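I have placed the structure first, in the form of structure tokens, so that the comments after it can refer back to it.
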Amino acid sequence: MSSFAPIAPTTYVPPTLVAKDTYVIHQVQEALGEPLFVYLNSMVILGKEPMIVDTGTPGNRQQWLEDVFGLVEPVDVQWVFLSHDDVDHSGNLDEVMERCPNAKLVCSWAMIERHSNCFSFPLERCRWIMHEESFDVGDRTMRAVRPPVFDSPTTRGLFDPTTGVYWAVDTFATPLPDPHLGIADLDPDFWEFGLTMFAFGAVSPWLAMLDHAKYGQHVDKSQSLDITTIAACHSPVIEGPLIEKAFEKVRAFPNVVPPPLPDQSVLDQIIAATSVPND
Ligand SMILES: [Fe+2]
Ligand SMILES: [Fe+2]
């Protein structure tokens, strides 16, 4: 029987302050078969009632717990916002709910239906918050708004009106040629390629089936927020004029021809390139 051993990230990037009291927690993963890197981020908001936004991955558990609880004492955490039930967003949910006895878990009925097979939801600590609903966290009213591109029916992004930070979950996912590059450093063509490849290949293949006008109305719901900073699980932060550019690229997805994805021949090449010959 094999067991899963958490591994350290390939490149350590310490938490970054992206707005007042708002930190992004990072993990960097090497892409398979390409010299590219992918972020697996989450977020901590140190307001009057501190909040953890998504809970990282099992593969980075030790570092993630150190990073998060280096910023906030577990006993002070009042809220855990779970964007959806994918393992790169819910990977340390057990540990967080156990270590943070005062935290309420912002989730939903569908999340419990989908995720109870591997997590025992403490129902009395749960708050069900749906798309377009708000909740008060003492010094601000957070708003849950579904992001343009998503890979679970449970996905809601999170907007903080006091800082203008929007947690966009899996939208704006892109690989990077170097994990230290920001979005402004990327060649615009590479960024467009990365956004398209990940959106169609790793998050939402149904983008090609959409009615452009209806999808546009959906994108309006998040873009009309007063966003000053986009933080997302699989992207460096997006700020300033790049926010409009990012929405523009994502809005155009229904007109984009989906890129071809790596198939078995690529896997054969990866295995051949990494296998040790027998003498
Ligand atoms: Fe996801
Ligand atoms: Fe994700």
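Remember, it's 1-based here, ligands and their atoms both numbered in the order they're listed. Given the structure is predicted, the values throughout are model-derived calculations rather than measurements.
Side-chain contact, D54 with S83: a donor N or O sits under 3.5 Å from an acceptor N or O.
Counting heavy atoms of neighbouring residues, nucleotides and ligands inside a 6.0 Å radius, atom NZ of K221 does not exceed 12 of them.
Ion pairing between a basic and an acidic side chain is recognised when a charged N comes within 4.0 Å of a carboxylate O; D160 and K20 show no such pairing.
For F121 and F119, the distance between ring centers is under 6.0 angstrom. You'll find the ring centres of H234 and H89 inside the 6.0 Å limit.
A search for side-chain hydrogen bond (donor to acceptor under 3.5 Å, both in side chains) contacts involving W79 returns E49, not counting sequence neighbours.
Excluding waters, the set of protein N/O/S atoms under 2.8 Å from the Fe ion (ligand 2) reads D88 OD2, H89 NE2, D170 OD1, H234 NE2.
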